Amino acid sequence: MTIQEIQLEIIDEFDMFDDWMQKYDYLIELSKDLPAIKEDLKVDDNLIKGCQSKVWLHASKNGDKVSFTADSDAIITKGIVALLVRVFDDQKAQDILENELHFIDAIGLKEHLSMTRSNGLVSMIKQMKFYAIAFSS
Amino acid sequence: MALDIQKIRAQFPVLHQEVNGKPLVYFDNGATSQKPQMVIDAITHYYSKENSNIHRGVHFLSQQATDKYEAAREATRRFINADSIEEIIITRGTTEAINLVASCLSKSLFKKGDEILISTIEHHSNIVPWQMACEQTGAVLKVIPVLDSGELDMDAYRDLLNEKTKLVAVNHISNALGTINPIEEMIPLAHAKGALVLIDGAQAVPHTKVDVQVLNADFYCFSAHKMYGPTGIGILHGKKEILEKMPPYHGGGEMIKEVKFEGSTYNDLPFKFEGGTPNIAGGIGLEAAIRFMEEVGVENIAKQEAELLAYATQKLKEVGGIRFVGEAKNKAGLVSFLMEGIHPYDAGTILDKLGIAIRTGHLCAQPVMARFDITGTMRASFAVYNTKEEIDVFIAAINRVKIMFG
Ligand SMILES: Cc1ncc(COP(=O)(O)O)c(C=O)c1O
């Protein structure tokens, strides 16, 4: 699936929920399903320090595609991390750079990005794009 | 006399709104309190009818604005029982007050090898200015340890004090733990070694009666915005004989007597430390905030908050799986805690969805978090307008969080 298709799929999934509680319950589910990052990758070099929650992100080059693995110490953050990984993982570096992320706003989780720095998510997205730049050159 | 809390709440327009579809429960008073209508009105009235620069114009508006701004200084003097208005320096807040003292003492007092003594449970604004002073002068920063209870280790304090100690800077009440520090005991101990004492009263003045003459610290500072007043205005109280010996802080208008290119002479206290046009509306708002606190009665405020603290602590204990961070015997109206296995960010997010505003994270006191081996806490901090019913709503939300993440 393309990045756009995955984003639309996520928006569809979230459309099923009537209230925010269900949304957050789903994020909790997603956080549990996110494949664990390998312990040896959970190091300071891969750490994105938010003011409140931490995110670990590691990327590797896989042909012309980029693989991501990530984690967070807070569950809600981790649920959103899982969505970001789902959108960008195993995509071409060029596509990662060219596609806008609109789904977070569309599913009503924008506040987690606007609380700049507090959870590390904004920096995580930046970091994913940096990896894509590094791997496409 | 019991307070009529509903009548008090009615004076705070911000409280009467819904957040995320739920009635707002505002428990982030430690960060900043809400403002009563009389403070809002004082500021609006100033800008609508009275705006003018102060201390310079001979015209009517300027004189009137000057009188009102100076009335705020006098109200503050009375409120904290300072000896004279010369001792009341108006600043942008606690942070600026501490930076002023740190900067001026770096020029006049601190020498290489001197010691500046702070505590483990300080707000960053009572840490970083002293680190900067040390960098500039070669003085050394020393830190009073804290016990598991959240109380300062007084034996260690006595041991740390020595002839090299030039200044002790500690808070009156800790914003991270709520501990009321025994400053009545600490100040004379420091003086006995010849050290000056600065007290960060940002969390104390909103909640307890402060008498600077009884306390006898050399400097005492606080922020208006945590005591029902506006942001961007605060107070540095300093002893006159010490302020007189200190060099000025910011150069500019207001703080000078005469300016010549060969050299300028500085104004008298308190103006010597007040360069530039000040936050006039803020000063006028501070005066209204003091009137508000005096009308309600500081003792009544303290009593109401103590009841809320006891009730919240009791109810949180009943929830189970709560780790309290800071359990000092003497505590002011805030609880810092963690829910077993639940990240404060997750809990704070859900509480926000339920209309409840608390603070989560390191609370601008990272060394405290490091000391307790945590990265942050959840903090509910109370003001006079909070109620037990709000605490019930808060506890119900905590239980919901527990189910969601448990
Ligand atoms: C204990 C303490 N000191 C200092 C400050 C800083 O106050 P301000 O930001 O108003 O300068 C605060 C505010 O959070 C505080 O709680």
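Numbers restart at 1 for each chain; the letters A, B, ... are given by sequence-line order, proteins then strands. The structure displayed is predicted, hence computed values, not measured ones.
- Listed in order of number, the residues of residues 91-99 of chain B that approach chain A to under 4.5 Å between heavy atoms amount to none.
- Across all non-hydrogen atoms, the minimal contact from A/Ile76 to B/Ile350 is CD1-CD1, 4.0 Å.
- The shortest side-chain heavy-atom distance between B/Asp346 and A/Tyr24 does not fall under the 4.5 Å cut-off.
- Taking a 6.0 Å sphere around CD of B/Glu340, one finds it holds 12 or fewer heavy atoms contributed by other residues, nucleotides or ligands.
- For CD of A/Glu5, the number of neighbouring non-hydrogen atoms (other residues, nucleotides, ligands) closer than 6.0 Å is greater than 12.
- Side-chain atoms of A/Gln52 come within 3.5 Å of backbone atoms of B/Thr360 as a donor-acceptor pair (strictly under, hydrogens ignored).
- Contacts of B/Ala176 classified as side-chain contact (heavy atoms from CB on, under 4.5 Å), with partners at least two apart in sequence or in another chain: B/Ser174, B/Leu363, B/Ala365, B/Val368, B/Met369.
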Considering only distance and modelled atom types, tabulate donor-acceptor pairs under 3.5 Å from the side chains of residues 19-28 of chain B, sequence neighbours left out.
unit_1: B/Asn20; atom_1: ND2; unit_2: B/Asp352; atom_2: O; d: 2.9
unit_1: B/Tyr26; atom_1: OH; unit_2: B/Asp28; atom_2: O; d: 3.1
unit_1: B/Tyr26; atom_1: OH; unit_2: B/Thr32; atom_2: O; d: 2.7

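- Shown here is A/Lys92, whose NZ atom has no more than 12 heavy atoms of other residues, nucleotides or ligands within 6.0 Å.
- Residue A/Ile75 touches chain B through both its backbone and its side chain, counting heavy-atom pairs closer than 4.5 Å.
- Among the residues in residues 389-403 of chain B, those with a non-hydrogen atom closer than 4.5 angstrom to a non-hydrogen atom of chain A are B/Arg400.
- In the displayed structure, A/Asp44 atom CG is contacted under 6.0 Å by at most 12 heavy atoms of other residues, nucleotides or ligands.
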Start with the C-alpha distance between B/Met404 and A/Met21, add both sets of side-chain angles, then the distance that settles side-chain contact (heavy atoms from CB on, under 4.5 Å), and finish with yes or no. CA-CA 9 Å; B/Met404 272 181 91; A/Met21 260 313 257; 3.6 Å; yes
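- Residues A/Asp73 and B/His343 share a closest heavy-atom pair of OD2-NE2, 3.2 Å.
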